[in-house]
Amino acid sequence: QSKEPLRFGLAMPLTGSQALFGADQAKAAQWAVQDINAKGGVEGRPLEMILLDTQADPRLGINAVNRLINVEKVPVYGTAWSSVVKAVAPVSNRSKVLELSVGANSPEIAKLGDYVYTTYPLADVDIRAQAKYARETLKKERAAVLYIHNDSGVEGAEIYRDTFKELGGKVVAYEAYDAQSTDFTGALLKVRSANADIVHIQGLVSDLPQVIAQMRQLGLKQQVSTYSAGYNPKVLEQLGAAAEGMIVSALAPSAEQNEQVAKFVERWKATEGRIPNGLPYTQYLYDLPYLVADLYRHLLKTGQPLTGENMRKALVEIRKFDLPTTGLLEVGADHRVQKPVYLYEVKNGAFTPIATVK
Amino acid sequence: MIDPQIVLQILWTGLATSTYAVLFAAAFALVLKVVKVWNFAQAGMMGIAFYAMYFAVHKLGLPGYASIAIGLACTIAAAMALEIYGLQTFRRRNSPSLTFFIFTMIVSEFVQYVLSMIFGTEPVSLATSLISPAHIVGGIMITERDLIAIAATLVLMAGLYVLLMRTNQGKYMLAAADNPQLSRLYGINIKRVYALTFVVASILICGGMYLFGTRAALVPTTPMEMMIFSVIAALLGGMGNVFGAAIAAIVLTLLRSFSILVIPSAWQSVVLYALLFITILFFPKGVSFKRRPRPAPATPTQPAKA
Amino acid sequence: MLQVENLNAYYGKLHVLHDLSFTIGEGERVAVFGHNGAGKTTLLRACVGDLASVSGAIRYRGTPIVTNEAHVNVGLGLGLVQQGANVFRELSVRENLLIAGLRNQGRAQEEVFGLFPLLKERREQIAGSLSGGQQQMLAIGMALMTQPSILLLDEPTTGLAPVIVRDVLHSVSEINRNRGTTIVVVEQNVQATLEHVDRAIVLKSGRIVYDGPSSTLLEQESLWELF
Amino acid sequence: MTNKLTLKGVNKRFGGVVVADGIDLEVRGGEILGLIGPNGAGKTTLFNLISGVVPMDSGTVELNERRIDGLPLYKRARLGVARTWQHMRLFGSMSVLDNLMIGASDYPGESLMRLIFQGLTVRQAERAAREQAMDILGRMGLQNLAQANVNDITFGQQKLVGLARGLMSNGACLLLDEPMAGVEGRAYETMRDIVRQEAQAGRAVCVVEHNVSFIRDLCNSAVFMAQGRILERGDVKTLLESKVLAELYFGKQGTQT
Amino acid sequence: MEYLVALSVLVGLYVILSSSFNLIIGYGGLISIAHPIFFALGAYTVGVLSTTTGVHPVLAVIAGGGVALVGSFMLSIPSLRISGDYLLITSIGFQLGLIEIIKNLGFLGGASGLGGIPNVIENHRTGTFAAVTAIAALVVVLLIRALVRGPYGRAIQAMRDDELAFAALGRHAMTMKIAIFALGSGVAGIAGGIYAYYYQYITPDQFMILQSGMILTMVVVGGMGSVWGPVVGAVLMLLLPEAITFLNLPSSVMGPLQGIIFTLLVILFLFLRPQGLIAAKPR
Ligand SMILES: Nc1ncnc2c1ncn2[C@@H]1O[C@H](COP(=O)(O)OP(=O)(O)OP(=O)(O)O)[C@@H](O)[C@H]1O
Ligand SMILES: Nc1ncnc2c1ncn2[C@@H]1O[C@H](COP(=O)(O)OP(=O)(O)OP(=O)(O)O)[C@@H](O)[C@H]1O
Ligand SMILES: [Mg+2]
Ligand SMILES: [Mg+2]
């Protein structure tokens with residue numbers, strides 16, 4: 001039996017403005033590879049991950065994927081960030097190599113072609129759940145939406161607005177802010193005069209705390225909801241009491257809900273002395289090598305050649321994967337995955353689970 | 001339906017937010033005016049200033065003023081290294097001005113990579129909490145941080161004014177800005193003047209970074225993004241007119257803050273840039289806060305060569 | 001006062017001054033003549049340290065200064081009026097004079113205005129918008145502001161009206177007489193200059209071809225073709 | 001038709017300073033008019049007004065009976081106003097020959113369209129310009145410097161190149177701003193001869209100069225300007241002996257250098 | 001091999017971009033930073049034409065160049081009219097503003113980008129694109145070379161040295177500047193068109209203001225104002241980072257370390273060859 005490693009690629013932003021997530025996610029994937037190999041690899045063969053930097057820039061992403069496909073000859077690779085995922089999709093489809101999007105959530109990703117699959121629920125899943133929870137469970141009538149003016153902000157805000165309206169609520173303010181701005185007073189005052197009863201913020205970890213801080217200082221007392229960007233202990237630390245009542249979502253179970261996750265978090269604390277940036281995303285990345293290992297195992301067992309085409313077939317055939325830190329993954333025929341959405345509310349300075357929306 | 005209270009609130013917070021932009025724009029304009037360099041390495045200096053202070057506050061547990069001192073020392077050291085090992089070399093070789101431009105830009109990128117290697121890429125802030133005690137004055141929310149920021153900026157800018165207008169060193173800077181080669185014949189040590197300029201710029205930058213770092217969290221790439229704004233302000237203020245740049249920074253910040261009242265928020269930036277474009281087209285003189293008209297091109301001096 | 005020994009100067013590969021040696025005494029008035037490109041400007045610039053590649057020795061009151069930078073020499077008491085009306089173009093006349101006088105606690109601006117009343121009228125005008133001749137006056141005035149012990153003038157009267165030419169040469173002599181300032185002046189107009197100097201140095205292609213009293217210069221027939 | 005440059009009632013002020021005050025002037029082809037006056041009299045400014053560098057406040061400028069005031073700089077140059085500059089303003093990064101060729105009246109490389117669609121005429125025009133430039137340099141004895149960079153030649157030669165460049169357009173009038181300042185020896189003589197030849201060829205020449213002997217050598221007539229006004233005019237000899245000049249220009253004693 | 005060919009497509013496109021930017025900034029002395037936006041105009045023109053109409057790809061690419069060329073007038077005519085100095089400022093406004101507009105326009109895909117650009121070459125796709133860009137790059141470089149060596153180049157240079165003296169010789173500097181700007185921008189638009197067809201997906205992020213820093217680095221490191229300088233610069237600036245990824249750096253610091261190595265190399269080049277790797281020839 002050959003000991004030749006089974007290779008797959010990972011193209012993530014390791015530098016640039018998105019590196020704060022990309023680097024931690026890459027590290028999680030690295031750990032998973034180590035763990036799998038420590039347990040004997042896949043059918044006795046070690047797994048090998050080739051990691052490349054994209055800076056979340058589509059052009060560099062294409063370079064990286066070209067290299068993965070043509071030099072490293074991997075049949076499957078993971079990548080993230082919507083613009084990169086979209087940019088490299090034509091390359092994947094043409095070369096018939098399986099592209100797994102892990103973390104990008106633009107709803108368009110489902111329609112990028114035969115070889116593009118996602119392991120991460122698209123934005124409509126969690127943001128919809130947020131809107132639904134606000135409208136149906138909390139019985140909010142008037143929502144205000146604040147969003148950062150970039151692709152994920154725009155798309156996310158639209159989903160929230162449309163869902164909230166569908167459910168009979170009113171969106172009384174819908175304001176964008178520039179990615180570079182640090183003063184949100186104008187937008188917040190508009191929200192204040194619109195008299196909303198819940199404010200949904202579709203921002204990034206770097207600006208979200210500032211938005212909320214300024215909002216509280218301006219005397220806006222409404223409940224705040226956001227998506228997984230807010231599910232970060234840093235946010236609580238920087239906001240203190242101002243974070244109370246904030247509702248955040250996560251698409252992966254927390255340490256309390258899953259013992260593997262608890263171990264995972266411990267590992268971060270032990271090796272890095274901190275919690276990872278964007279914990280749920282790193283969970284997905286940690287699980288990616290396990291998914292790839294399952295695909296390889298399937299092909300090796302059935303004796304099929306290890307090509308991208310067969311990888312894709314394997315993904316569709318296996319369909320259901322049981323992954324360590326994110327639980328069951330079911331790949332749909334529509335290239336989407338459905339996952340439960342875990343909602344938390346900040347109570348006494350801690351994220352407290354309030355609901356799980358299936 | 002525009003409520004005066006809203007206007008006043010936006011005005012006040014806008015002014016407070018513009019403080020660090022003012023300092024960065026002034027620093028950029030000062031170096032542009034005196035040293036004649038588009039100092040894109042300013043982003044690098046901003047990064048160094050911030051992370052040095054961050055290290056002092058969070059890792060060494062030093063109080064505010066001590067960490068500012070450390071930040072200042074690091075920034076000045078970096079600026080001196082840039083001037084002595086970088087710019088002086090290019091100057092000696094008569095490199096074209098765009099070489100300086102590219103060099104400084106690459107230096108910023110370099111610093112950014114080094115910082116992200118040392119400090120990682122998660123957003124960090126100088127303050128542990130982003131919330132600052134606030135007072136309501138006549139319906140307007142005024143935070144203590146806003147007050148400190150505005151006061152500190154006023155002090156720094158006044159100091160800069162005194163330096164430039166009232167001291168010999170300031171006169172040397174003006175002379176060097178006008179004609180460095182000739183200045184030497186009046187006993188002015190150009191290298192010293194340039195060094196001093198960088199020191200002053202470092203002080204402005206460090207002050208600005210402290211103000212910014214206590215109200216926001218940043219990552220190693222943030223300074224680069226922020227610098228573009230200072231560059232625009234420095235240009236609008238009249239190509240290297242220090243106080244013009246400061247005023248332009250305020251105007252631009254306020255414009256950005258106020259535009260949300262009249263324009264759909266998604267179109268804000270477009271309107272801001274369109275305004276920039278149009279202002280220059282129709283009021284080319286209006287945007288430059290120059291003290292006096294430029295001399296007519298009738299009698300130029302011969303290009304001085306070293 | 002100023003001792004020059006085996007001075008060579010280069011612009012890149014171009015060898016402009018060849019082994020010049022001469023001494024200028026305290027309080028002397030020296031004129032330097034030579035055709036266009038002879039190296040007169042180069043010589044003056046080398047003396048104040050305004051040139052990058054020179055070899056040889058220059059001593060000012062005994063101290064070697066050839067490696068000094070220009071601003072150091074100016075501090076020691078050398079003053080140079082460059083050829084071609086060099087002033088701070090974006091600053092006003094007043095600021096120009098002020099800056100020139102800062103380093104050596106220069107004289108009062110009034111003295112310069114006394115010499116060039118025209119400048120006084122235009123105290124607040126931007127130097128770059130002065131006429132060519134006015135700029136030249138300002139440049140001379142600025143050099144005087146530095147209170148030099150030795151004043152080097154590179155074609156100071158180019159572009160000046162005859163009445164001012166005479167005034168300038170006259171006041172240069174005056175400064176020499178009243179303050180004992182040593183004068184080295186480069187001039188095209190040999191005749192007019194000779195009246196005001198004690199000694200003449202003539203350069204030809206970077207070499208000294210005459211160095212002696214001004215009174216006997218015109219007797220040197222071999223030099224006539226140069227003028 | 002002989003060339004003629006006419007100025008009528010030209011006024012200009014900078015802020016409070018009057019630099020041209022009702023200037024009337026006429027220069028005819030073949031004539032060399034000297035323009036003298038103390039520093040700051042407004043001589044350079046007058047050239048700037050004629051050539052269009054600075055707009056004037058009122059008055060008219062006519063070249064060969066055609067009004068040219070109000071036209072931009074480059075159009076006036078095309079109509080025949082050629083000038084030199086007090087500080088030469090050569091194209092410092094280029095060779096002597098290239099400096100001259102830019103001045104050719106039919107310069108081939110100005111329009112992209114022409115380069116693309118009329119390649120042949122471009123080549124012809126280029127050759128003609130080169131021949132003309134070499135011809136002018138020949139007259140000045142500078143042919144062997146054609147390929148030298150203008151910064152590498154001596155001051156006097158640079159002044160000559162400045163003049164040569166102005167001659168390339170064959171303009172109807174030639175404005176020379178202190179052509180002799182800092183020039184001596186052989187260059188001086190060349191300069192004088194060339195200017196004389198150009199006048200003889202029918203150009204209207206106007207010279208600003210502080211070098212009085214040059215004016216005396218060269219000019220037929222002269223005007224004396226002070227504070228933006230023409231105070232005296234006439235033939236050179238009488239003008240130079242006039243009282244006003246003696247006082248305002250040469251200084252009280254009235255001697256001439 | 002396929003990987004190298006794919007890279008060569010990118011190199012070819014950036015050779016076109018840097019050479020045309022060199023024409024504007026290095027030869028024309030027109031300091032603008034809006035080059036990426038003309039690249040974007042070409043790319044978006046192709047994006048829209050190819051997704052909504054069945055226009056022939058060659059025509060679409062030419063249309064892209066045309067749109068960029070015409071677009072350049074919107075910037076150059078008004079800014080150069082007041083004074084060339086203002087071009088820099090207006091170009092910043094133009095660049096940033098137009099990108100914001102693109103981000104807001106639904107039919108251009110907005111902030112999420114425009115995808116679904118059809119694949120126009122089925123067989124030997126990468127090779128064909130590489131050949132096409134290589135030829136286009138060569139044509140552009142030779143065209144610029146012919147332009148700047150001849151009488152036009154002489155005039156540009158004289159204009160840059162002393163615009164007033166240039167105008168006083170009867171030359172009209174304005175039209176020349178506008179023409180140079182239009183030509184350079186049009187060429188960038190063509191590069192944008194090919195880019196869109198090759199990558200099939202474009203987003204506003206790819207045409208941001210910092211891109212002009214990158215193109216300018218290619219120009220300056222290669223040698224501003226020389227014909228082959230930008231070519232060398234583009235090859236180097238694109239291939240170096242790729243080459244660095246082949247160093248087996250520890251993955252924990254890989255990203256920043258690659259950046260550090262790359263920027264240090266660029267700084268080294270600048271120190272060793274301050275006039276650029278290929279210095280401009282004096283005329
Ligand atoms: N910056 C320079 N670079 C290269 N060569 C130069 C430079 N300055 C002067 N030269 C050359 O050096 C030689 C001497 O020049 P210099 O200016 O000293 O002459 P000069 O006697 O002052 O002439 P002029 O009377 O024209 O002022 C000349 O051949 C000149 O071309
Ligand atoms: N742009 C300007 N702003 C203000 N004053 C100006 C401007 N340009 C010229 N002047 C003034 O106009 C007057 C005439 O200047 P001009 O250059 O025409 O003098 P000139 O006769 O050529 O003198 P010179 O012989 O010294 O060269 C001068 O007093 C000058 O200071
Ligand atoms: Mg000289
Ligand atoms: Mg004059």
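So you know, we letter chains A, B, ... as the sequences are listed, proteins then strands, and number each from 1.
Heavy atoms only, all atoms of each residue included: B:L98 and E:L216 are closest at CD2-CD2, 4.1 Å. Of all non-hydrogen atoms in B:S95 and E:Q275, the two that sit nearest each other are CA-NE2, 4.2 Å.
Interface remark: B:F110 contributes backbone and side-chain atoms alike to the contact with chain E (heavy atom separation under 4.5 Å). Of the atoms belonging to E:M208, not a single heavy atom falls under 4.5 Å from chain B. In this structure, chain E has a heavy atom under 4.5 Å from the side chain of B:I228, while its backbone stays farther away. Looking at B:T89, the atoms closer than 4.5 Å to chain E (heavy atoms on both sides) all sit in the side chain, from C-beta outward. Heavy atoms of E:L257 lying under 4.5 Å from chain B belong to its backbone as well as its side chain. B:M117 touches chain E through backbone and side chain together, each having a heavy atom under 4.5 Å away. Proximity to chain B is absent for every atom of E:L98, based on heavy atoms less than 4.5 angstrom apart. Interface remark: E:L105 contributes side-chain atoms only to the contact with chain B (heavy atom separation under 4.5 Å).
The CD1 atom of E:I31 lies 9.0 Å from the CH2 atom of B:W38; values are rounded to the nearest 0.5 Å. Atom-to-atom distance recorded for B:E109:CD and E:T217:OG1 is 7.0 Å, nearest 0.5 angstrom. To the nearest 0.5 angstrom, B:I102 atom CD1 is 11.0 Å from E:M218 atom CE.
Residue-environment remark: OH (B:Y85) stays at or below the threshold of 12 foreign heavy atoms within 6.0 Å.
With sequence neighbours left out, the side-chain contact (heavy atoms from CB on, under 4.5 Å) criterion links B:L255 to B:L272, B:L275.
Counting heavy atoms from C-beta outward, E:V253 and B:Y113 have side chains that stay 4.5 Å or more apart. Using a 4.5 Å heavy-atom cutoff, the side chains of E:L270 and B:F90 are in contact.
In this pair, B:F103 and E:F271 present their aromatic rings perpendicular. The plane angle is above 60°, beyond the 30 to 60° band.
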Could you go step by step and tell me if E:L96 and B:V270 meet the side-chain contact (heavy atoms from CB on, under 4.5 Å) rule?
CA-CA 8 Å; E:L96 296 175; B:V270 180; over 6 Å; no
Does the pair E:F269 and B:I106 meet the rule for a side-chain contact (heavy atoms from CB on, under 4.5 Å), with working shown?
CA-CA 11 Å; E:F269 286 135; B:I106 298 284; over 6 Å; no
B:F101 vs E:V220, test: side-chain contact (heavy atoms from CB on, under 4.5 Å). Steps then yes/no.
CA-CA 9 Å; B:F101 178 101; E:V220 170; over 6 Å; no
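Top candidate by heavy-atom pairs under 4.5 Å with chain B, chosen from E:G97, E:P78, E:P274, is E:P274.
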